[in-house]
Amino acid sequence: MSNIGIAISTRNRQAHLKMCLAHFIAYFPNEHTVDILVCDDNSATDCATENQLTCEHWGINYHYHQTRIGVAANKNFGLSNRKSTRLNSS
């Protein structure tokens, strides 16, 4: 299990998601270093399909919401469903 968890929310921004993921992969080349979850808030079908394929290519977790839930709920879903544990700063 990784110590760093990143949740990325997206909706109909396929090119931005690809660029974002490419940057994360460049900085975290070891898949055990970081846990990334992409939460797709009901993107259009062609965009969602491409997003899923991109995530599969990089070995990144992908979740697609069948109905639009909104930015805040999508971000909260991502934060609540990461596999990583939250680090406490004491």
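Because the structure is a prediction, the values reported are computed rather than measured.
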### Query
Is it true that a side-chain atom of Asn74 and a backbone atom of Gly70 form a donor plus acceptor pair closer than 3.5 Å?
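No, Asn74 side chain to Gly70 backbone: no donor-acceptor pair under 3.5 Å.
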Pairs in or reaching into residues 14-26: which pass salt bridge (charged side-chain N to carboxylate O under 4.0 Å, His left out), with residues at least two apart or in two chains?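 Found Lys18-Glu50.
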*Who are the ring pair (Phe, Tyr, Trp, His ring centres under 6.0 Å) partners of His57, not counting sequence neighbours?*
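Residues passing ring pair (Phe, Tyr, Trp, His ring centres under 6.0 Å) with His57: none at all.
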Report yes or no: do [X] and [Y] belong to one cluster of Ile/Leu/Val/Met/Phe/Trp/Tyr joined by side chain heavy-atom distances under 4.5 Å?
{"X": "Trp58", "Y": "Ile36", "value": "yes"}
{"X": "Ile6", "Y": "Tyr64", "value": "yes"}
{"X": "Val38", "Y": "Tyr27", "value": "yes"}

Handout entry: Which residues share a side chain to side chain contact (heavy atoms under 4.5 Å, CB included) with His16, sequence neighbours left out
Key =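 Expected list: Arg13, Met19.
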Item checked: Those residues that, when tested against Gln52, pass side chain to side chain contact (heavy atoms under 4.5 Å, CB included) (two or more places apart) ->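 Result, side chain to side chain contact (heavy atoms under 4.5 Å, CB included) vs Gln52: Glu56, Tyr62.
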Q) What residues, two or more places apart in sequence or in another chain, satisfy salt bridge (charged side-chain N to carboxylate O under 4.0 Å, His left out) together with Lys75? A)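 Applying salt bridge (charged side-chain N to carboxylate O under 4.0 Å, His left out) to Lys75 gives none.
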**OP:** Starting from the C-alpha separation in whole Å, work towards a yes-or-no answer on side chain to side chain contact (heavy atoms under 4.5 Å, CB included) for Val34 and Phe24.
**Re:** CA-CA 9 Å; Val34 64; Phe24 278 122; 6.0 Å; no
Which pair of non-hydrogen atoms, one from [X] and one from [Y], has the smallest distance, and what is that distance?
{"X": "Gly78", "Y": "Cys39", "result": "CA-SG, 3.4 Å"}
{"X": "Asp41", "Y": "Val71", "result": "OD2-N, 4.1 Å"}
{"X": "Arg11", "Y": "Asn42", "result": "NE-O, 3.6 Å"}

Quick check: do Asp40 and His65 have side-chain heavy atoms less than 4.5 Å from each other?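 They are not in side-chain contact.
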Practice prompt. Answer yes or no: is there a side-chain heavy-atom contact under 4.5 Å between Leu21 and Ile8?
Written response: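 A side-chain contact exists here, since the closest heavy-atom pair is under 4.5 Å.
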Exercise. Which residues satisfy the side-chain hydrogen bond (donor to acceptor under 3.5 Å, both in side chains) test with Thr54, sequence neighbours excluded?
Worked result: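 Residues passing side-chain hydrogen bond (donor to acceptor under 3.5 Å, both in side chains) with Thr54: none at all.
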Residue list, side-chain hydrogen bond (donor to acceptor under 3.5 Å, both in side chains) with Asn12, at least two apart or on another chain |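 Once residues adjacent in sequence are excluded, Asn12 has no partner under the side-chain hydrogen bond (donor to acceptor under 3.5 Å, both in side chains) criterion.
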Checklist line | Nearest-0.5 Å distance, OG of residue Ser43 to CZ of residue Arg68 | finding: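 Separation between the atoms: 9.5 Å.
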Q) Roughly how far, to the nearest 0.5 Å, is the CD1 atom of Ile25 from the CD1 atom of Ile60? A)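 Here the interatomic distance stands at 4.5 Å.
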